[in-house]
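Since the structure comes first, as structure tokens, the remarks are kept for the end.
Chain A is the first sequence line, chain B the second, and so forth, proteins listed ahead of strands; every chain is numbered from 1.
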2 protein chains.
Amino acid sequence: MTDKKIRNMEDFAAVSGISRPTVSKYFNDPQSVRKSTRARIEEALEKYDYRPNIYAINQNRRQTKNIGLVVPNLADPFFAGIARAIEGLIVEAGFSPLLLSSHGGPDQEIANLESLKAIKPAGVLLAPLGRASHVDQVEKFTKEIPTVLFDANLDDVGEAFFGCDNSQTIDLIVDYLCRSGEPPVLFEMENPVNPNAFRKRSAYVDAMKRLSHEPHFIRVQGEGWDFEEIGYREGKRVIQQNLLPTRTVLCSNDRLAIGFLAAAYECGEKVGIGPDCTMRVAGHDDHPFARYTCPGLTTISQDYASITARSVETILRIIESGERPKSREASYFEGRLVMRGSA
Amino acid sequence: MTDKKIRNMEDFAAVSGISRPTVSKYFNDPQSVRKSTRARIEEALEKYDYRPNIYAINQNRRQTKNIGLVVPNLADPFFAGIARAIEGLIVEAGFSPLLLSSHGGPDQEIANLESLKAIKPAGVLLAPLGRASHVDQVEKFTKEIPTVLFDANLDDVGEAFFGCDNSQTIDLIVDYLCRSGEPPVLFEMENPVNPNAFRKRSAYVDAMKRLSHEPHFIRVQGEGWDFEEIGYREGKRVIQQNLLPTRTVLCSNDRLAIGFLAAAYECGEKVGIGPDCTMRVAGHDDHPFARYTCPGLTTISQDYASITARSVETILRIIESGERPKSREASYFEGRLVMRGSA
DNA sequence: GACAAAACTTTACGCGCGTTAACTTTTTAA
DNA sequence: TTAAAAAGTTAACGCGCGTAAAGTTTTGTC
């Protein structure tokens with residue numbers, strides 16, 4: 001590495017022996033220059049430490065290479081995992097991801113979208129808070145900047161949606177629970193912040209009816225995204241007060257289930273499928289920690305490889321074509337049953 | 001909102017009736033212009049949707065207002081929580097945080113630092129991987145860009161370090177465990193990726209000796225950052241093969257403990273402090289999920305409010321003064337004991 | 001009311017790169 | 001071998017803003 005100072009592309013072009021416009025062309029697409037030219041530039045790149053100034057580039061390009069990525073809550077390992085997967089795909093495609101977390105709050109979600117505007121992203125991938133979202137403001141944003149939704153749908157907002165087929169997954173687990181024992185009661189939040197919760201609710205009703213069972217609900221109070229705490233507190237209450245109509249509990253999501261399992265443990269219930277067990281518990285989402293609950297949590301694993309892949313593909317296609325799709329696509333991917341000890 | 005198009009500061013200056021240099025001054029510091037001028041600009045800001053182009057700003061300013069934030073692994077809720085806290089403090093100070101996760105890999109860590117360079121941050125807050133880090137490359141980076149380390153120290157790298165006083169915290173929990181029952185064995189990784197693990201090890205030895213007990217170790221094999229899995233797999237092995245020298249287990253961190261607890265549960269051990277319990281387990285770090293293990297995990301809570309606050313303060317001071325501190329500060333904050341059911 | 005200080009205006013340059021136009025050299029294919 | 005096509009060169013402008021210099025207006029103080 002020679003230590004002659006390269007201040008800008010002009011300097012670098014000089015030391016590489018190639019004109020600046022050609023060097024500029026190279027950085028925008030290395031394949032667009034002749035092989036011999038490419039070789040000379042790359043030789044210089046090894047000798048001198050030069051990278052084009054990202055601010056100057058973005059000021060002059062019609063479009064940046066930035067893609068915004070907004071998730072509801074990074075403190076939830078489920079979303080942290082998804083975010084990581086998506087970031088990888090974005091980088092692979094030659095774009096720069098910018099990850100923001102809404103921390104469970106609709107105001108933060110809007111603030112995230114606003115601050116994304118400042119970097120003029122070519123597109124945005126948004127997992128909205130859902131019911132809690134300021135839908136009008138989100139919609140307004142999606143009209144300015146191409147946006148693909150995932151995980152939670154907002155009716156008719158954004159260019160496309162990819163998520164989990166909740167009716168299929170709930171069907172799957174309700175079916176399993178009914179075949180292997182007592183039909184489940186649905187443990188859910190009275191006022192869920194997530195719209196998927198509603199889909200799950202009606203999917204549960206449908207599945208139970210199809211199997212000729214009466215649907216039962218335990219609807220618990222609780223605000224915000226502290227699901228484990230709510231599952232624990234309310235789980236303890238319903239167990240202690242003996243409010244469960246059946247001894248098989250299907251929690252609306254794994255985080256509620258994790259809290260519920262902690263409550264069951266404290267109450268001396270033995271959760272599982274053995275002959276000495278007093279209760280079965282199942283979840284939904286296959287949270288990274290679901291393997292390490294006591295016992296391991298039987299749950300539904302979303303096909304989030306497909307969800308992330310299709311979301312990224314779609315936003316890239318929109319960016320590269322330069323035009324919004326005529327019709328909004330919404331795809332729901334099937335999940336699969338993950339059997340562990342709890343049910 | 002009038003819909004006349006404001007393309008740049010020139011346009012905005014025109015509609016606000018103030019000259020462009022003064023408008024520019026306003027955006028760099030609203031207090032630097034006369035109150036009446038400020039009022040006129042802000043009036044125009046309400047009528048027209050204008051924000052200075054961030055790329056043009058950063059191209060021309062000597063320093064950006066960006067602060068990089070790199071954590072070892074965002075999928076770990078412990079770091080996700082810290083990241084959120086730090087982001088808040090950075091925004092409060094009028095800077096823009098840029099959050100990157102090293103996903104547990106040293107190559108990714110370096111890649112993160114490299115991509116941070118592209119945005120020319122005024123400073124960086126780095127929680128390094130630790131032992132796994134490519135220390136030389138990290139050090140080289142810190143010489144180019146002011147960097148404050150936190151959580152895990154690298155000898156003499158960066159302008160300052162803030163972290164947990166492991167000798168105090170280990171002392172605290174060893175003392176508690178010895179007072180309330182059998183002295184603990186330390187359950188740790190043979191080749192820990194985190195340097196704090198070594199500090200904890202020697203702190204454990206010191207504490208045990210001080211209390212006139214023989215230190216015991218269970219050192220388990222395992223690669224990478226999948227601590228729960230390692231704790232589970234190796235926990236199961238040592239319990240089944242009866243390799244524990246005592247029935248009180250101090251895990252080097254909560255994530256190992258979470259896996260260990262799952263193993264203990266599966267092996268039919270009753271963990272806790274009751275008369276019918278067969279084993280006690282403690283952790284370190286107060287992981288967000290430590291409340292919901294079965295039973296709840298007794299552990300050490302790091303004072304990460306202080307750690308984050310001091311880290312941010314320090315990098316801000318360096319940025320604002322424009323000069324590196326003459327000597328490197330390293331501060332270790334005391335943690336506190338969090339008692340739950342497991343020990 | 002006078003005068004200095006503070007704040008503003010006008011004018012102009014520079015940041016580093018994208019991009020175009022007009023021209024020249026190299027490569028490809030008949 | 002030769003002409004067309006491809007790729008390169010030089011020259012020049014523009015992006016939106018920071019910032020400096022020189023001049024003008026407003027403000028505050030006695």
Starting at atom [atom1] of [X], determine the distance to atom [atom2] of [N], rounded to an integer number of angstrom.
X: A:N58; N: D:dC17; atom1: CG; atom2: P; value: 14 Å
X: B:R62; N: D:dG18; atom1: CZ; atom2: P; value: 12 Å
X: B:Q63; N: D:dG18; atom1: CD; atom2: P; value: 15 Å
X: B:R51; N: D:dC17; atom1: CZ; atom2: C1'; value: 16 Å
X: A:K35; N: D:dA6; atom1: NZ; atom2: P; value: 18 Å
X: B:F27; N: D:dG18; atom1: CZ; atom2: P; value: 9 Å

State whether [X] places a side-chain N or O below 4.0 Å from either non-bridging phosphate oxygen (OP1 or OP2) of [N].
X: A:Y26; N: D:dG8; result: no
X: A:T22; N: D:dA7; result: no
X: B:S24; N: D:dG18; result: yes

Using a 4.0 Å heavy-atom cut-off, does B:F12 contact any base of the nucleic acid, only the sugar-phosphate backbone, or nothing at all?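 Nothing, no heavy atom under 4.0 Å.
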
Select base, sugar-phosphate, or nothing to describe what B:R20 touches, counting heavy atoms under 4.0 Å on all strands.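 Contact class for B:R20: base.
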
Can a salt bridge be assigned to the pair [X] and [Y] using a cut-off of 4.0 Å between side-chain N and carboxylate O?
X: A:E139; Y: A:K143; answer: yes
X: B:E87; Y: B:R84; answer: no
X: B:E43; Y: B:R40; answer: no

Given A:L125, A:L98, A:L116, the one that forms side chain to side chain contact (heavy atoms under 4.5 Å, CB included) with A:V70: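 Going through A:L125, A:L98, A:L116 one by one, the side chain to side chain contact (heavy atoms under 4.5 Å, CB included) with A:V70 is satisfied by A:L116 alone.
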
Aromatic ring pairing B:F333/B:F162, orientation class (parallel under 30°, perpendicular over 60°, tilted between):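 Tilted, since the angle between the ring planes falls between 30° and 60°.
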
Check residues 150-159 of chain A and write down every donor-acceptor pair under 3.5 Å in which the side-chain atom is one partner and the other belongs to a residue at least two apart or another chain.
| residue | atom | partner | partner atom | Å |
| --- | --- | --- | --- | --- |
| A:N153 | OD1 | A:R328 | NH2 | 2.8 |
| A:N153 | ND2 | A:Y332 | OH | 3.2 |
| A:E159 | OE2 | A:R324 | NH1 | 2.7 |

Please find out if less than 6.0 Å separates the ring center of A:F27 from that of A:Y50.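 Yes, they do, as the ring centres are separated by less than 6.0 Å.
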
Specify the residue among A:P21 and B:S36 whose closest nucleotide of DNA chain C lies further upstream toward the 5′ end.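 Between the two, 5'-proximity favours B:S36.
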
Of B:S32 and B:Q59, the one whose closest DNA chain C nucleotide lies more 5':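 It is B:S32 whose nearest nucleotide is closer to the 5' end.
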
Along DNA chain C, 5' to 3', what are the outermost nucleotides having an atom less than 4.0 Å from a heavy atom of chain B?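 Counting from the 5' end, contacts occupy C:dA7 to C:dG16.
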
I want to verify a distance call: between D:dG8, D:dC17, D:dG18, whose nearest atom is closest to the B:N28 side chain?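 Selected nucleotide (nearest to the side chain): D:dG18.
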
